[in-house]
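Scroll down for the structure; my scribbles are underneath it.
So you know, we letter chains A, B, ... as the sequences are listed, proteins then strands, and number each from 1.
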Amino acid sequence: MSSLQVTLPDGSVKSVAPGTSALDIATGISPRLADAAIVAKVDGQLYDLTRPLEADCTLQILTTKDPEALEVYRHSAAHLCAAAVLELFPETKLGIGPPIENGFYYDFDRPTHFTPEDLERIEAKMNELQAKALTFERRLIGKQEGIEKYTAMNEPMKVELITEKADDPFTEYTLGPDFIDFCRGPHVPNTSKIKAYKLLSVAGAYWKGDEKNKQLQRIYATAWFTKKELDDYLHKLEEAKKRDHRKIGKELDLFSIQELAGPGLIFFHPKGGIIRKQLEDWMRDAYLKRGYSLVYTPHVMRRDLWKTSGHANFYSENMFSVMELDDAEYQLKPMNCPGHILIYKDGQHSYRDLPVRLGELGTVYRYERSGTMHGLLRVRGFTQDDAHIFCMPSQIEDEIVNCLDFAKDTLNTFGFTQYKAEISTWDNGASGKYDGEPEMWHLAEGALRKACDRLGIEATVIPDEAAFYGPKIDVKLVDAIGRLWQLSTVQFDFTLPKRFELEYTGEDGKKHQPYMVHRALFGSVERFFGILVEHYAGAFPTWLAPVQVAVLPITSGQNEYAQTVVDKLKDAGVRVHFDARPEKVNFKIREAQVQQIPYMLVIGGREAEAGKVSVRHRRKADLGVVPFEEFLAMVTAEIASKATE
RNA sequence: GCCGGUGUAGCUCAGUCGGUAGAGCGGCAGUUUUGUAAACUGCGGGUCGCAGGUUCGAUUCCUGUCGCCGGCUCCA
């Protein structure tokens with residue numbers, strides 16, 4: 001038999017005997033490469049390192065530096081987990097076990113539940129199997145034979161998957177002598193490669209993600225190439241826990257959720273209230289600066305309105321139930337759009353008036369299923385910085401540019417420098433679930449893309465992800481520890497103008513239907529507040545901090561001078577806390593630090609005599625003694641500039 | 001809504017194999033006048049989430065229910 005020509009990434013060609021594996025070639029190149037190798041890429045397709053090559057090909061050895069290799073690695077770790085589970089709990093049925101961000105999960109079906117102790121045992125068993133360097137072996141099996149085999153193995157979910165998805169023949173992978181799983185692969189050569197993982201939690205998960213199906217037990221785990229990466233990740237989890245807005249919200253007395261009042265309903269305490277006021281004031285001012293009008297609409301409205309808008313039909317399961325009043329049925333608003341539309345409709349519009357931009361910080365109520373609420377991030381009552389723009393087709397591009405520019409401004413103001421944009425399109429209506437004329441979709445989608453181009457925003461296009469009533473662009477922000485949060489959204493709506501028969505008089509004297517754009521930048525004020533808490537870990541920039549300056553006299557002898565300092569700060573509009581308690585200054589400083597107050601003014605006899613203050617910053621510590629007026633000028637300037645540190 | 005976990009003082013948590021509970025911090029009172037992250041002493045404070053059941057007796061065991069936590073589904 002003639003030899004195979006294998007082309008390597010550097011262009012060199014190796015001549016090898018048929019049946020040679022990528023691992024053989026790697027070993028031939030260097031033992032270090034063989035050691036770092038995780039998986040191979042043959043003609044662009046992922047291959048097990050040990051799989052024999054059968055034809056001329058290009059070959060790339062993927063090592064721990066490759067993201068694709070990490071996925072394979074995690075997938076192999078998932079198999080290791082499943083093998084450990086089957087050894088300890090042989091009656092368990094296997095679901096699926098894919099790699100995910102940061103690790104993998106594996107779904108199992110078994111009569112009793114995994115306990116935290118079980119997780120420890122499973123992990124210990126994984127370690128045991130790992131140390132044996134069990135090999136992953138790829139096998140081909142005919143589909144019919146496979147179905148019979150997995151039926152005999154009593155693996156009903158695997159049988160279902162094979163029946164639905166498998167090729168004929170399909171691949172399966174063994175791990176050691178006992179474990180076998182239907183799997184596309186590839187895998188690492190053996191378990192000695194799998195070096196750093198940790199089982200994290202068990203959770204219920206529906207088979208195939210459908211809540212009509214049986215609920216399985218999902219083991220979540222994290223897996224990394226090295227112990228260090230694993231430790232870093234676990235450390236990051238700890239860090240995220242420390243930043244949890246529910247924890248900080250309690251520590252800093254920002255907000256609460258009251259059992260007596262109901263879940264998903266937020267109480268802003270005085271300190272949270274001050275911060276929220278900053279967000280809202282900034283947003284309202286920005287509305288006015290950018291040519292929006294501010295409106296207010298009622299919280300309950302007749303059901304007839306929700307029938308006209310369509311919400312009573314397609315959104316009813318998310319709405320609070322109907323209230324029967326004397327004259328009619330009423331319902332709490334789940335969205336602000338119909339209210340704004342009524343304002344638009346209450347009068348005639350000439351093309352000269354457009355665009356009309358109606359903005360509101362509108363509080364909406366949505367029925368969220370119990371078990372879905374989460375602090376401030378997922379609630380039943382929340383306030384949208386919501387606006388609706390009614391405009392002519394010729395105006396939509398500029399309007400989208402304005403919206404996105406506004407979104408960028410919002411992000412920058414609140415200290416976010418990184419973000420991602422996603423355009424959701426109708427994919428030429430292929431799926432048939434969309435409303436509106438094709439030309440409207442094309443025009444709107446074009447406007448979204450062009451607006452991004454004009455602003456230099458890089459946007460990913462997600463086909464067939466649009467709402468049925470129009471395409472949209474979502475902006476997601478990246479926070480201080482690299483997490484992604486859904487924030488702003490700008491959406492076209494082709495349905496509501498039609499349902500409400502909106503119109504304007506055009507240059508031609510005829511009636512036309514305006515385009516409608518729905519947009520929210522914070523998204524929800526509550527959620528944005530929660531994101532801010534986590535982003536800053538409670539250490540809000542001075543302009544947002546509930547208390548901006550703490551004045552701390554060392555003894556009561558300085559109280560009088562300290563009071564004048566406090567008064568001048570208050571006069572300048574600075575939020576100041578005067579701690580005149582007869583406590584040690586160390587104690588007062590500690591309290592101010594714990595409360596993340598940006599500035600502490602320590603005032604002793606020396607400062608009082610000289611009209612100075614000793615400035616301590618919560619992060620930079622002691623900044624030294626300065627004349628009070630100098631500090632006042634500095635802090636008021638910092639506040640006015642909305643510096644985010 | 002579903003699966004699992006959980007609920008003890010304002011907060012963080014311990015405890016009771018069934019005999020109505022304890023610490024630290026915080027609060028209050030007094031003492032301490034203090035120089036850049038916790039002074040000292042004393043005193044209060046809990047129908048052990050709620051409702052039933054078992055029991056002579058339940059915070060503890062059982063059932064139901066509500067909230068919270070981790071997920072699933074859904075989503076701003």
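- Taking atom C1' on both nucleotides, B:rG24 is separated from B:rA76 by 40 Å, rounded to a whole Å.
- Side-chain N/O atoms of A:Y367 include none lying less than 4.0 angstrom from OP1 or OP2 on B:rC75.
- Aromatic rings of A:F406 and A:Y292 (six-membered ring for Trp) have centroids within the 6.0 Å cut-off, being under it.
- Of all heavy-atom pairs between A:F529 and A:R276, the closest is CE1-N, 4.0 Å.
- Checked by distance alone, A:E607 brings a side-chain donor or acceptor within 3.5 Å of a matching partner on the base of B:rG35.
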Pick out the pairs of N or O atoms, protein on one side and nucleotides 26-33 of chain B on the other, that lie under 3.5 Å.
| unit_1 | atom_1 | unit_2 | atom_2 | d |
| --- | --- | --- | --- | --- |
| B:rU33 | O2 | A:S556 | N | 2.9 |
| B:rU33 | O2 | A:S556 | OG | 3.4 |
| B:rU33 | N3 | A:S556 | OG | 2.7 |

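- Contact check, A:H374 against B:rG70: a side-chain N or O comes under 4.0 Å of OP1 or OP2.
- Stem regions for RNA chain B, each three or more consecutive Watson-Crick or G-U pairs with both distances under 3.5 Å and listed by first number, read B:1-7 with B:66-72, B:10-13 with B:22-25, B:27-31 with B:39-43, B:49-53 with B:61-65.
- The base of B:rA76 sits with one of its N or O atoms less than 3.5 Å from a complementary donor or acceptor on the side chain of A:E368.
- Nearest nucleotide to the A:R218 side chain, out of B:rA37, B:rA76, B:rC72: B:rC72.
- Checked by atom type, the side-chain pair A:T297/A:H340 shows no donor-acceptor distance below 3.5 Å.
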Could you write out each protein N or O paired with an N or O of nucleotides 60-63 of chain B at a distance under 3.5 Å?
none

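- A:S370 has a side-chain polar atom (N or O) that falls below the 4.0 Å cut-off from OP1 or OP2 of B:rG1.
- Across residues 245-254 of chain A, A:R246, A:K250 each have a non-hydrogen atom less than 4.0 Å from an atom of RNA chain B (numbered order).
- Straight-line distance between the C1' atoms of B:rG30 and B:rG46: roughly 26 Å, to the nearest whole Å.
- Electrostatic pairing of A:R369 and A:E211 counts as a salt bridge here, judged by a charged N lying under 4.0 Å from a carboxylate O.
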Extract from the structure each pairing of a protein N or O with an N or O of nucleotides 40-43 of chain B at less than 3.5 Å, listing the distance.
none

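- Applying the salt bridge (charged side-chain N to carboxylate O under 4.0 Å, His left out) test to residues at least two apart or on different chains, the pairs with a partner in residues 243-255 of chain A are A:E239-A:R243, A:D244-A:R246, A:K247-A:E251.
- Side-chain to base pairing of A:R380 with B:rA76: no donor and acceptor N or O lie closer than 3.5 Å to each other.
- For the C1' atoms, the distance from B:rG27 to B:rU60 is 30 Å, rounded to whole Å.
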